[in-house]
Amino acid sequence: MLDIRFVRDNIDKVAKALKDRGEETAALKGIIDIENKRRDLIAETDKLRNRRNLISKEVGRLKARGEAAGDLMAEVLGFADRLKELEESLHDVEDKVRTILLGIANIPHASVPIGLDEDDNTEVRRVGEPRRFNFEPKNHWDIGGRLGILDFDRAVKITGARFAVYIGLGARLERALINFMLDIHTRENSYIEIFPPVLVNSDSMTGTGQLPKFRDDIFKIEGWDYFLIPTAEVPVTNIHRGEVLEAKNLPLYYTAYTPCFRAEAGSHGRDTRGLIRQHQFNKVELVKFVTPETSYEELEKLTGNAEEILKRLEIPYRVVDLCTGDLGFSAAKTYDIEVWLPGQQRYREISSCSNFEDYQARRAGIRYRPEGRKKNELVHTLNGSGLAVGRTLVAILENYQQEDGSVIIPEALRPYMGVDRIS
RNA sequence: GGAGAGGUGGCUGAGUGGUCGAAAGCGGCGGUCUCGAAAACCGUUGUGGGGGCAACUCCACCGUGGGUUCGAAUCCCACCUUCUCCGCCA
């Protein structure tokens, strides 16, 4: 959420930001009027409340002395209805302002390339050489199917489309990857491990920005104000919702493995086969709470932490700087990490690392008290996948496949697998 | 699921209708003392918002949302939540 005072004073900047994102600016129309109305209402209600408070005190004094106070009490009754009306209008207008603000996307950082869609993203770096195959590399669903470690047909029976059953060494590989990632992040990069609830309430979903705008993308539990998390970002960021953090405890680094659930509304026909786009998938997430002046430096470090996993696994990837049109709703800047998939002959997103600046912190009320200063400030929040586990498994199957259909396990993963090949 | 007791400032904890935004203690910060520190003593110390260049001033906030009243931390209703006992349960 943007600061209403910022919006009021910089309406042109906000409009340009939305335009750069390719979003409607209609929401901005009238927000200034509503905000002015809000402030007028505050002035008027406060004036009446002040009068009422003064009178009430006087009534108290008079009654203590046993004197009559009927006239004063009558005066308050004279404007009681008016005050009630004003308070209701104020309530109403405050809700309106908040609703509009909740629907306005974050302002992209100045360094974000202007562009329409993913074709305008800027490649930042490429790491690792795609392997040359002396045979036609297969898709991961073919590899996994033949090895008997992935079963999509039975998942349809159990649940439906966009689910998978992992079997035997397939299940073990998924679990090995989770442990491998968590171990690196906790032991080498001092992230604190979290295992959060995977059902969250609507306040949490609003805090990180999924609600109210992206209701269709998430699963809701019928009859409850509970939602299945689309990412661990939601419960982990909301750990500190409504809190004032100690400056000396910042930056805070958290990592969490969770299953993630996405409705994938509007992506019918895309990635219908295989593990790439599932309703349920595993992810190890990295979340940071930092002071504003360090957040961009922290974004670079966080992205590096995610990249480290692919380096250890020796899988080629590239990092792209998302353009304004591809940037997520709450993010000010995002780096995507894309792995090379020989089966598709292209790079596919495996991690998204973002700096939200104070956008989520303002929604969720996450502040800190800066050293030596009196006023509390909003923290900056960041998060990134470190990594999407299912897609990492895909990358391993496709990059490490052999002509005979077997798959070699990357060196770094062997202690977690207990075997060096799946065949 | 049933019965009961609670939710007050960073923490502990008083406050059951009228200068209560809230006693007291602890903690924090500043100072005196000290070579320095501790102790002791003195002072200070919640959040958000409106107006004002500022000094300052006003409003709101005692789990959340409603209600009663001239006036609510205090009374009423609903909800959330914590604890204890019983039941159930991986």
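The analysis underlying the following values was restricted to heavy atoms, covering all of them including side chains, and did not include hydrogens, waters or symmetry mates. A, B, ... follow the sequence lines: proteins, then strands. Residue 1 opens every chain.
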ask   = In the structure shown, which nucleotide is the Watson-Crick or G-U wobble counterpart of B:G27, with both distances under 3.5 Å?
value = B:U45
query = Once you round it to whole Å, what is the distance between P of B:C70 and NZ of A:Lys84?
reply = 13 Å
request  = Sort out the partner of B:A14 for me: Watson-Crick or G-U wobble, both distances under 3.5 Å, none otherwise.
outcome  = none
ask   = Atom CZ of A:Arg39 and atom P of B:A60: how far apart are they, to the nearest Å?
value = 20 Å
ask   = Now, which nucleotide makes the Watson-Crick or G-U wobble pair with B:G21, with each of the two distances under 3.5 Å?
value = none
inquiry  = Please name the nucleotide paired to B:U64 by Watson-Crick or G-U wobble geometry with both distances under 3.5 Å, or report none.
reply    = B:A78
key: Watson-Crick or G-U wobble mate for B:G71, both contacts under 3.5 Å   = none
key: Nearest-angstrom distance from the residue atom CD of A:Glu44 to C1' of B:G49   = 17 Å
query = Rounded to the nearest Å, what distance is computed from the CD1 atom of residue A:Ile42 to the P atom of nucleotide B:G52?
reply = 13 Å
query = To the side chain of A:Arg5, which of B:U68, B:G18, B:G49 is closest?
reply = B:G49
query = For B:A54, which nucleotide in any strand shown is its Watson-Crick or wobble partner with both distances under 3.5 Å?
reply = none
request  = Just call it for A:Lys63: base, sugar-phosphate, or nothing, with non-hydrogen atoms closer than 4.0 Å on any strand.
outcome  = base
A:Glu308 with A:Arg312: basic N within carboxylate O range, under 4.0 Å = yes
Nearest-Å distance for atom pair CG/P, residues A:Leu77 and B:U68 = 12 Å
query = Just how far, in rounded Å, is P of B:U69 from CZ of A:Arg49?
reply = 18 Å
